[in-house]
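These numbers come from the heavy atoms of this one structure, side chains and all, not from hydrogens, waters or symmetry mates. All values reported here derive from a predicted model rather than from experimental measurement.
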Amino acid sequence: MTQGRHQKTIVYSRYPAMAAGLQQCIKDDNPHCMILPVCGYESLTPLLLLQASLAIIDLTGEANEVEQDLQQLQPLYRCAPHIHWIFLVPAYARFTAVQQLLWPNSTLLPNSAGLRQIQQCTRMDAGGLSYLDGDIGEAAAGVSEATLVLTLSERQVLRLMAKGWSINQISALLKKSNKTVSAQKNSAMRRLALRSNAEMYAWINSPRGMKELNLQSTPSSITEDVV
């Protein structure tokens with residue numbers, strides 16, 4: 001994304017100091033951007049959402065507050081899928097956030113992310129990224145697969161696992177060693193900030209995972225994918 005593309009940016013945080021810091025972060029990076037600060041989700045009207053192309057939402061708060069945030073954000077996204085949503089997520093809410101907020105046009109960052117990291121994400125052409133381990137260097141540098149999240153090999157492995165294939169079966173099909181297939185699975189999990197098989201399968205079955213892995217395809221497409 002070229003610097004300055006976002007002309008209007010929504011900024012939300014329940015903490016005034018954090019909101020002020022995020023606004024200054026955007027202004028320092030893009031002085032011509034108009035900031036649309038909001039202090040509650042009721043302020044995110046359809047008209048305001050239509051005007052903006054970027055929204056930075058700070059989810060810092062108590063567990064019950066973050067749960068309410070997640071409930072309010074789903075309908076907002078349905079109203080404004082054109083917006084690039086950047087969510088700053090507290091560590092304890094990372095798994096739930098990956099399940100519910102990793103949309104095709106969203107980026108998830110830890111709420112401890114530095115201002116430079118946030119600025120780098122605002123310049124990206126699309127979301128669909130999760131950097132909840134805090135390392136966004138490679139993607140922010142503009143590598144070719146940044147918006148794809150997974151490599152082709154990682155996607156092949158996860159697709160087959162989603163369809164019930166074991167590591168042994170995948171190894172035989174792809175003519176790779178078990179060690180290689182396991183490494184590709186683990187690499188995919190790291191990219192997606194998933195820390196257990198349970199989290200991996202939850203992501204696979206989420207709307208974002210289904211889209212990324214093209215799981216709406218018929219079973220016969222598996223052979224095509226792995227050739």
**Q.** Residues L150, L213; criterion side-chain contact (heavy atoms from CB on, under 4.5 Å); working and verdict
**A.** CA-CA 9 Å; L150 301 174; L213 301 177; 4.1 Å; yes

Q) Would V181 and V157 count as a side-chain contact (heavy atoms from CB on, under 4.5 Å) if you check the C-alpha gap in whole Å, the side-chain angles of each, and the deciding distance to 0.1 Å? A) CA-CA 7 Å; V181 171; V157 170; 4.1 Å; yes

Q: Any chance you could lay out the side-chain contact (heavy atoms from CB on, under 4.5 Å) test for D69 and R14, step after step, and finish with the verdict?
A: CA-CA 11 Å; D69 288 342; R14 57 175 52 88; 3.0 Å; yes

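A donor-acceptor pair is defined here as one N or O able to donate and one able to accept, closer than 3.5 Å; no such pair exists between the side chain of N168 and the backbone of N178.
Closest of all the heavy-atom pairs between L49 and A80 is CB-CB, 3.9 Å. The shortest non-hydrogen separation linking L194 to E199 is CA-OE1, 3.4 Å. In terms of heavy-atom proximity, Q184 sits nearest to S153 at NE2-CB, 3.5 Å. Contact detail for M161 and I170: the closest heavy-atom pair is CG-CD1, 3.5 Å. In plain terms, the two heavy atoms of P37 and I35 that are nearest each other are CD-O, 3.2 Å. Heavy atoms only, all atoms of each residue included: I56 and I118 are closest at CD1-CG2, 4.1 Å.
One finds the NZ atom of K163 at 11.0 Å from the CD1 atom of I204 (value rounded to the nearest 0.5 Å). With rounding to the nearest 0.5 Å, the separation of CZ in R116 from SG in C121 is 11.0 Å. Note that CD1 of I26 and NZ of K8 are 15.5 Å apart. Values are rounded to the nearest 0.5 Å. Of the inter-residue distances, the one linking F87 atom CZ with I57 atom CD1 reads 6.0 Å to the nearest 0.5 angstrom. Going from atom CG of L48 over to atom OG1 of T45 covers 5.0 Å, rounded to the nearest 0.5 Å. Distance check: C33 SG to H6 NE2 gives 8.0 Å after rounding to the nearest 0.5 Å.
Residues L101 and L108 are in side-chain contact: their nearest non-hydrogen atoms beyond the backbone lie under 4.5 Å apart. Looking at heavy atoms from C-beta onward, P90 lies in side-chain contact with L59 at the 4.5 angstrom threshold. Using a 4.5 Å heavy-atom threshold, the side chains of I86 and T122 count as touching. Residues M34 and Q51 have side chains not in contact (no heavy-atom distance under 4.5 Å, counting atoms from C-beta outward). With a 4.5 Å cut-off on side-chain heavy atoms, T151 and Q156 do not count as touching. At a threshold of 4.5 Å between non-hydrogen side-chain atoms, the residues V66 and Y92 count as touching. The side-chain heavy atoms of S196 and M200, taken from C-beta on, include no pair separated by under 4.5 Å. L76 is listed as a side-chain neighbour of W85, based on a closest heavy-atom distance under 4.5 Å.
For residues 70-79, there are no side-chain hydrogen bond (donor to acceptor under 3.5 Å, both in side chains) pairs, not counting sequence neighbours. Listed by first then second residue, pairs satisfying salt bridge (Lys or Arg N to Asp or Glu O under 4.0 Å) with a partner in residues 37-57 number zero, not counting sequence neighbours. Each ring pair (Phe, Tyr, Trp, His ring centres under 6.0 Å) pair with one or both residues in residues 24-52, not counting sequence neighbours, appears once here: Y12-Y41.
Every residue meeting the side-chain contact (heavy atoms from CB on, under 4.5 Å) condition with Q169, not counting sequence neighbours, appears here in chain and number order: W165, S166. Take T9 and apply the side-chain hydrogen bond (donor to acceptor under 3.5 Å, both in side chains) test, not counting sequence neighbours, and it matches no residue. Taking the side-chain contact (heavy atoms from CB on, under 4.5 Å) definition, one finds that A52 meets it with I10, L36, I83, sequence neighbours left out. In this structure, the side-chain hydrogen bond (donor to acceptor under 3.5 Å, both in side chains) partners of D58, at least two apart in sequence or on a different chain, are S13, T60. Applying the ring-ring contact (aromatic ring centres under 6.0 Å, His included) test to Y201 and every residue at least two apart in sequence or in another chain returns nothing. S177 pairs by the side-chain hydrogen bond (donor to acceptor under 3.5 Å, both in side chains) definition with T180, not counting sequence neighbours. S182 is linked by a side-chain contact (heavy atoms from CB on, under 4.5 Å) to I167, counting only residues two or more places apart in sequence or in another chain. Looking at residues two or more places apart in sequence or on another chain, you find no side-chain hydrogen bond (donor to acceptor under 3.5 Å, both in side chains) involving Q23. By the side-chain contact (heavy atoms from CB on, under 4.5 Å) test, Q99 pairs with F95, A202, sequence neighbours left out.
Placement of L54 and L50 in two distinct hydrophobic clusters is found when ILVMFWY residues are connected by side-chain heavy-atom separations under 4.5 Å, directly or transitively. A continuous path of ILVMFWY side-chain contacts below 4.5 Å connects Y15 to L22, so both sit in one hydrophobic cluster.
A side-chain N or O of H84 and one of T107 form a donor-acceptor pair less than 3.5 Å apart. Residues D28 and Q24 bring a donor and an acceptor atom of their side chains to less than 3.5 Å of each other.
E65 CD: more than 12 foreign heavy atoms inside a 6.0 Å radius.
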